[in-house]
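Since the structure is predicted, the reported quantities are computational estimates derived from the model, not experimental observations. A note on names: the letters A, B, ... follow the listed sequences, proteins ahead of strands, and every chain is numbered from 1.
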Amino acid sequence: KQWYQRRVREAKRQRKQFKVMVVDSRPDLTGVASCERLTAAGIPCSYVYINSCTYIMKKVTKVLLASDALLANGYVLGPVGTAMIGLIASNYNTPVIVCCETYKFSERVQTDSILYNELADPDSMLKTLNADDSLVAGWRESPNTRLVNLVYDTTPPALVSIVITEIAELPCTSAPVVLR
Amino acid sequence: AVVSTQSTGKKISKDTVSRLEEFALYLRESKKERRSYVSVVKTVNVFRDLICTSEWVTARELIKIIKSYCKYLPLSQSNETDVSNVVRRILKIIREENAGSEATSFADGLSSFFKSDMKASSIGRPDLQDNILNSIVELLSELETSKSNIINMALEHIHSNERILTFGHSNTVRDFLLHGRKARDFEVIVCESGPSLKGHKMAAELSDGGIKTTVIPDSSAFAIIHAVNKVIIGTHTIMADGALRAPNGVHQLAMAAKYFSVPVIVCAAVYKLSPTHLCSYDPDAFNKVIGPENMLNFSNEKLHSKVLISNPDFDYVPSDFIELFITNTGGHAPSYLYRIISELYHPEDYDLDNMCVEAVEDDICI
């Protein structure tokens, strides 16, 4: 999962003091690259996996999420895990800010994450950071095992506080208005 | 090495001392996963030994001896709650046998739960010891049958063509699901469970047992949970109010389940039920933070020493997210657990460090 770096670096240039917690998830671990860029820009960072999100959420004041699309019914299509973070943040009453350019707005509507999604390479889930092989490494031979690696998930608009676009700051439900 | 108490000069034999030290070492060294059941049975055997071989005349003295020994065990570590719980069961057995025919009955009402008297009983040591040892044998057989009691309820909770979501690895849940498979056909989705990837082990075991299993990364849990019928998880500890100390990532899974009104069922034996409450989320008091070598490579120099990496081992799951506990004593709602605690443990033993007032000067030194 990635956090929206440009905004964060802009804030740093303005000399605001803040810390960033990067929440990452397997199997892609894109958060490591985010962390590297943020650290290089001089922003103090913490790094956790998405499992620990509830552990850190009470220390977090704002959640910044990137998105891949904003659907016409207000649902945010983002990298998988976005919805989970939105849910945890709303349980802890932390504002959730989604960054989305207007070219990502879509007239499609969708209420759940499975109906329309992409499957990434399942074998990437077998990567482990220590030397041992994953115990399901032989999954293709086993008739009962399947690995599912979703790429996207949809976040309901109730879990998002605001969407920041290049033209305005909007609630999620204003997506169809902008599309017109 | 002879163990003696300071004031009364009672001695414990060398054999027992070596067994006690071995047990303390076993607990301290359990950095790797150890099966709850194995350590619980070990605990009972060690304490049974201590009861037989140490010198005591009254039950009060015996309890003092046991609590003094507990000071040498790393029981305050969050890993050891099952051991503490079993020690509390043994202490309750001792108190009950001592009370004998004057056992607290329901006629005394709720205040009897809080009475802390230890009457000087008319039962002498030989009889008292026999009664205690008999009860301990019953405790051992209860521990032995705890898992089979839980898994026998599988057919009441799993129906055909269901999709069940589980998290990480749990021996109890695995056997529960495998038992259900004997009569029903259903599918299981397993969350990988973060840096340790214990979910992979669970998936391998379930699919070897003939259950159609799908492995998903933890981040996808919200995406698929609306399509799941129920969530069945195991836990490390059950707190006194029905909350859980569960592997990291279960809290968010339970939150997602509640959002979509998917019931969360916890399978755990009653020796995991601990009469303690959450006092703080800090790693020292509740959680345990383990090394991040499974999260990020040490070879990453750009991040090395610049980034704070947290890898907590446990998660606190409040009781509002749990629908049902399936234990060896049956199925219980989280609101009923306080009754089970009052039956299993005595209020004076909730805090194992708390010795009775007279016991402060008396101490076993090793």
Tell me, out of [options], who's got the most heavy-atom pairs with chain A below 4.5 Å.
options: B:G199, B:G210, B:A203; value: B:G210
options: B:D315, B:V188, B:I309, B:V250; value: B:I309
options: B:M202, B:M295, B:K212; value: B:M295
options: B:H226, B:Q252, B:K201; value: B:Q252
options: B:A221, B:A227, B:P217, B:P247; value: B:P217

Worksheet item: For the rings on B:F222 and B:F260, is their centre-to-centre separation under 6.0 Å?
Response: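 Between B:F222 and B:F260, the centre distance is under 6.0 Å.
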
Discussion item. Ring centroids only, cut at 6.0 angstrom: are B:H251 and B:F321 within range, meaning strictly under it?
Written reply: yes

Side chain, backbone, both or neither: which part of [X] has a non-hydrogen atom closer than 4.5 Å to chain B?
X: A:T154; answer: backbone
X: A:L115; answer: neither
X: A:S142; answer: side chain

Discussion item. Which one wins on heavy-atom pair count under 4.5 Å against chain B: A:D153, A:L87, A:L150, A:L147?
Written reply: A:L87

Worksheet item: Who among A:K19, A:M84, A:M57 has the most heavy-atom pairs with chain B under 4.5 Å?
Response: A:M84

Discussion item. Please classify the contact between B:E187 and chain A as side chain, backbone, both or neither, with a heavy-atom cut-off of under 4.5 Å.
Written reply: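 Contact with chain A involves the side chain of B:E187 alone.
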
Worksheet item: Which bit of B:L197 comes within less than 4.5 Å of chain A, counting heavy atoms only: side chain, backbone, both or neither?
Response: side chain

Worksheet item: Can you check salt bridge (charged side-chain N to carboxylate O under 4.0 Å, His left out) on B:D185 and B:R181, steps first, answer last?
Response: CA-CA 6 Å; B:D185 200 8; B:R181 178 70 184 94; 3.8 Å; yes

Practice prompt. Please lay out, stage by stage, how B:K147 and B:D175 fare under the test salt bridge (charged side-chain N to carboxylate O under 4.0 Å, His left out).
Written response: CA-CA 8 Å; B:K147 181 182 275 190; B:D175 293 338; 2.6 Å; yes

Item to complete: Work out which heavy atom in B:L178 is nearest to a heavy atom in B:G209; give both atom names and the distance.
Response: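 Heavy atoms of B:L178 and B:G209 come nearest at CD2-CA, 3.6 Å.
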
Worksheet item: Do you know the tightest heavy-atom contact between B:E162 and B:F186?
Response: O-CB, 3.4 Å

Worksheet entry | Atom CZ of B:R174 with >12 non-hydrogen neighbours under 6.0 angstrom |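 Atom CZ in B:R174 is packed in, count exceeds 12.
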
Worksheet entry | Distance-only donor-acceptor check, side chains B:S160 and B:R184, under 3.5 Å | no

